[in-house]
Amino acid sequence: MHMDFATRIKTSISTWATKHLPLIFSLLRTFKPNLVLKEFALITRYSDVQEALSRSDALGVTYAEKMGKITAGSNFFLGMNDTPTYTRDVSNMRLVARREDVSQIIAPMVETFAQQLVAEAKGKIEVVSELSSIVPCQFSAAYLGVAGSTQQELFDWTSSMFAYLFYPSNPPEIDQAALINSVKTCAYLDKLIQQRKQDAAQGKEKDDIIGRCLKLQTSGTPGMSDLDIRNNLIGIIIGLMPTTSKCVVLVIDYLLDHPDLLASAQRAALSDDNETLRKTMLEAMRFNSFGAGVFRVANEDYVIASGSFRSKKIPKGSKILVSLQSAMLDGRELDDPKSFRLDRPDYQYMHFGYGMHTCFGQYINMVQIPMIVKALLRLKNLRRAPGEAGKVQYQQAFPASLQLEFDPN
């Protein structure tokens, strides 16, 4: 009973803090913009957040050790500081995940997948299990070449590994599940790569990410061994599956709470105004944020906002929360930050990070998330299901369900 009570108290405090984070960050930006405590720092203002994320060596990423456990020894460029290996691996993956694919291949592919899934619904749809978790898996199979044993298994694998990498205080069973799933993922990808090499030898090549990686390998490109390809794919699918699903839910959940914005977005969806949908996504996620921010570690003593009244020394070894959520509500940079506006420049958004470790898939996210949301917005009289089913239900940090209803045509 004591543990149950303690757990309820901890959950209640966490829920309260999450709900009131915008207010808390507003106060911090004004009175303690760079809060430095023993072995911990919190950075809240827009300019300071961008400064922190621009100092990739002084304020480095924290994922290397855990990424090594996921891959059984090797790092992925997400967990690297500014090293030659980082430059090599990112460059290789940008050669195979090409920017022009976003408009020519990815946008129409994702829109087709989402529309087909929504068309199967009959008056109601559970967003997570019937749409937002499925489309990224379909995309992974078609564009990356990574289908998983099943869609559900692939999604579960990546969700647990994402939580392990990015959330510092998971229950032990979450981290244990992630490490078990990492072994399964590595084994699956190792086998898949060997199968694709055999297929290529028999003239059965595919123009997907694995196929392009294997072509680079054949050409002798450094950093394209089987192990390198596998580790890069692990990092990409971890960053793809659960994040896309969560962002879709965050956007539609916010719009449902704001009928005027929902109606405007629905008009854009019905008229195929994809740019308005993209801007709507960016602005909705500014208010309904993916998370408070990203963690960094001080690899040396570092003075943030040097020369200003808010200047603070962050001691070497400190863990730092760089608050992207707070930054995107900072009126020192954003005009009228409490208003929902579609005319804000893209550079003011940092949903996908900033600096060297900006999300590798940011341009894919810019079309995949709104294209999935678009399929829902085209439904007639879209609304929440009655009761708790119509509210977002979470499992750890990720949405587990959101039941919606609509009028069938």
Side-chain angles (χ1 to χ4, degrees), residues 25 28-71 74-94 162 164-169 223 231-232 235 238-239 289-330 332-334 347-362:
F25 283 141
L28 287 171
R29 286 194 303 271
T30 301
F31 300 107
K32 287 284 186 180
N34 294 309
L35 180 65
V36 179
L37 305 173
K38 184 179 180 181
E39 299 181 348
F40 177 77
L42 173 60
I43 299 174
T44 62
R45 285 196 184 179
Y46 189 99
S47 59
D48 298 342
V49 163
Q50 290 202 336
E51 177 188 340
L53 295 179
S54 299
R55 307 296 190 263
S56 55
D57 286 333
L59 307 179
V61 289
T62 62
Y63 319 119
E65 181 180 354
K66 288 186 174 181
M67 195 68 207
K69 291 182 179 179
I70 283 177
T71 63
S74 302
N75 202 352
F76 166 65
F77 55 77
L78 179 69
M80 299 176 188
N81 289 321
D82 192 5
T83 64
T85 304
Y86 170 87
T87 301
R88 181 200 69 188
D89 289 355
V90 170
S91 299
N92 284 344
M93 295 314 292
R94 285 179 176 156
F162 185 97
Y164 172 70
L165 278 174
F166 296 104
Y167 297 125
S169 301
N231 291 341
N232 286 338
I238 288 174
S289 179
F290 184 91
V294 294
F295 284 101
R296 293 292 185 263
V297 62
N299 294 325
E300 59 189 56
D301 289 348
Y302 183 81
V303 178
I304 189 76
S306 179
S308 72
F309 79 93
R310 64 186 187 280
S311 171
K312 288 287 184 180
K313 179 181 177 181
I314 302 174
K316 181 179 179 179
S318 297
K319 196 167 190 178
I320 308 159
L321 176 57
V322 186
S323 182
L324 302 172
Q325 179 181 1
S326 175
M328 289 186 286
L329 296 171
D330 188 354
R332 295 161 189 81
E333 173 66 26
L334 279 73
Y347 62 74
Q348 291 187 333
Y349 297 103
M350 292 185 283
H351 299 303
F352 310 118
Y354 182 80
M356 192 179 90
H357 284 289
T358 299
C359 176
F360 179 79
Q362 64 171 322

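Predicted, not measured: the structure shown is a model, and the values here were computed from it. By convention here, the first residue in the shown sequence is residue 1.
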Are the side chains of [Y] and [X] in contact, using a 4.5 Å heavy-atom criterion?
X	Y	answer
Leu334	Tyr46	yes
Val49	Met350	yes
Arg296	Leu53	yes
Ile70	Leu165	yes

Begin from the C-alpha positions of His351 and Met328 and carry the test side chain to side chain contact (heavy atoms under 4.5 Å, CB included) through to its verdict.
-> CA-CA 9 Å; His351 299 303; Met328 289 186 286; 3.4 Å; yes

Rounded to the nearest 0.5 Å, how far does [atom2] of [Y] lie from [atom1] of [X]?
X	Y	atom1	atom2	value
Ser289	Leu324	OG	CG	7.5 Å
Ser323	Leu42	OG	CG	6.0 Å
Ile314	Glu39	CD1	CD	13.5 Å
Lys66	Thr71	NZ	OG1	14.5 Å
Met67	Phe76	CE	CZ	6.0 Å
Lys319	Phe295	NZ	CZ	5.5 Å

Ser318 and Phe40: CA distance, side-chain angles, deciding distance, side chain to side chain contact (heavy atoms under 4.5 Å, CB included) verdict = CA-CA 5 Å; Ser318 297; Phe40 177 77; over 6 Å; no

Ignoring hydrogens, what is the shortest heavy-atom contact between [X] and [Y]? Give both atom names and the distance.
X	Y	answer
Thr30	Arg45	O-NH2, 4.1 Å
Glu333	Tyr347	OE2-CE1, 4.1 Å
Ala52	Ile43	CB-CD1, 3.8 Å
Ser56	Asp82	OG-CB, 3.9 Å
Thr44	Pro33	OG1-O, 2.8 Å
Ala292	Leu321	CB-CD2, 4.4 Å

Yes or no on side chain to side chain contact (heavy atoms under 4.5 Å, CB included) for Met80 and Thr85, after CA distance, side-chain angles and deciding distance?
-> CA-CA 8 Å; Met80 299 176 188; Thr85 304; 3.7 Å; yes

Side-chain donor-acceptor pair under 3.5 Å between Arg29 and Ser326, yes or no?
-> yes

Do Asn232 and Asn92 get their side chains close enough for a donor-acceptor pair, meaning under 3.5 Å?
->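 The criterion, which ignores hydrogens and geometry beyond distance, is not satisfied for Asn92 and Asn232.
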
Measure from the ring center of His357 to the ring center of Phe352 and say whether it is less than 6.0 Å.
->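 For His357 and Phe352, the ring centres are not under 6.0 Å apart.
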
Pairs of donor and acceptor atoms involving the side chains of residues 298-305, under 3.5 Å and at least two apart or interchain, shall be tabulated with distances.
from: Asn299; atom 1: ND2; to: Asp57; atom 2: O; distance (Å): 2.7
from: Asp301; atom 1: OD1; to: Lys316; atom 2: N; distance (Å): 2.8
from: Tyr302; atom 1: OH; to: Glu51; atom 2: OE2; distance (Å): 2.5
from: Tyr302; atom 1: OH; to: Arg55; atom 2: NE; distance (Å): 3.0

How are the rings of Tyr86 and Phe77 set relative to one another: parallel (under 30°), tilted (30 to 60°) or perpendicular (over 60°)?
->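 Correct class here is perpendicular.
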
Determine, step by step, whether Tyr63 and Phe166 satisfy the ring pair (Phe, Tyr, Trp, His ring centres under 6.0 Å) criterion, reporting the C-alpha distance in whole Å, the side-chain angles of both residues, the deciding distance to 0.1 Å, and the verdict.
-> CA-CA 8 Å; Tyr63 319 119; Phe166 296 104; 4.9 Å; yes

Scan residues 321-330 for pairs that pass salt bridge (Lys or Arg N to Asp or Glu O under 4.0 Å), counting only residues two or more places apart or in two chains.
->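 For residues 321-330, and leaving out neighbouring residues, the salt bridge (Lys or Arg N to Asp or Glu O under 4.0 Å) pairs sorted by first residue read Asp330-Arg332.
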
